[in-house]
J.: 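Once you've had a glance at the structure underneath, I'll fire off some questions.
Given the structure is predicted, the values throughout are model-derived calculations rather than measurements. Note that ligands are numbered from 1 as they come in the structure, with each ligand's atoms numbered from 1 the same way.
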Amino acid sequence: MPNAIFVLPDGQRESVEVANGTHLMRAAVNHGIHAIVGDCGGSAACATCHVYVQEPWLQRLPAPSATEDQLLEATASPRQPNSRLSCQIQMSDALDGIIIDVAPTQW
Ligand code: FES
């Protein structure tokens, strides 16, 4: 199973095995990573699953949808060029080893 590494706001790293097809928000919440809230349940409607995706994985992701792009304008932590909503990132073997910095605040 591919692996994702979440870097928490306090600098701690959590390595999580994520099944192909599972979204990173769901994997984080199931793993008890509370710095990702996922308030809307993953329907790209709340922006509380904000993460910063490191390269080279960022360039392997499909571009954000118009809805994701709009929501990223309303994140509690400042939007960066590598900001994404983790509920819109679907795990795949191409993303194995992905390193994601969790945004310091989601509200
Ligand atoms: S969980 Fe709400 S936008 Fe991702």
J.: Going by the atom numbers of ligand 1, which of them fall below 4.0 Å from some non-hydrogen atom of G42?
T.: 1 (S)
J.: Provide, to 0.1 Å, the distance between atom 3 (S) of ligand 1 and the closest protein heavy atom, together with that atom's residue and name.
T.: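 Answer, as residue, atom name and distance: A47 N, 3.3 Å.
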J.: Same hydrophobic cluster for M1 and I99, using side-chain heavy-atom links shorter than 4.5 Å among ILVMFWY?
T.: no
J.: Using the rule that Ile, Leu, Val, Met, Phe, Trp and Tyr join whenever any side-chain heavy atoms are under 4.5 Å apart, tell me whether Y52 and M25 fall into a single cluster.
T.: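 Result: no, two separate clusters.
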J.: Could you tell me which atoms of ligand 1, counted from 1 in the order shown, lie closer than 4.0 angstrom to a heavy atom of A44?
T.: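 Here the atoms of ligand 1 in question are 3 (S).
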J.: Are V37 and V29 connected in the hydrophobic side-chain network, where two residues link if heavy atoms are under 4.5 Å apart?
T.: no
J.: When you look for heavy atoms under 4.0 Å from ligand 1, do you find them on the side chain of S86, its backbone, both, or neither?
T.: neither
J.: Considering all heavy atoms of both residues, which atom of L71 and which atom of A47 are nearest to each other, and what is their separation?
T.: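 Nearest heavy atoms, L71 then A47: O-CB, 3.9 Å.
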J.: Are D96 and R60 ion-paired here, with the side-chain N under 4.0 Å from a carboxylate O?
T.: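 A salt bridge is absent here (no side-chain N lies under 4.0 Å from a carboxylate O).
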J.: Which atoms of ligand 1 are found less than 4.0 Å from any heavy atom of C40?
T.: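 Counting from 1, the qualifying ligand atoms are 1 (S), 2 (Fe), 3 (S).
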J.: Answer yes or no: are there more than 12 heavy-atom neighbours, outside Q54 itself, under 6.0 Å from its atom CD?
T.: yes
J.: If you round to 10 degrees, what value do you get for the angle at atom 4 (Fe) of ligand 1 between C49 atom SG and C87 atom SG?
T.: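 The two atoms subtend 110° at atom 4 (Fe) of ligand 1.
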J.: Using a 4.0 Å cut-off to any heavy atom of G38, which atoms of ligand 1 qualify?
T.: 1 (S)
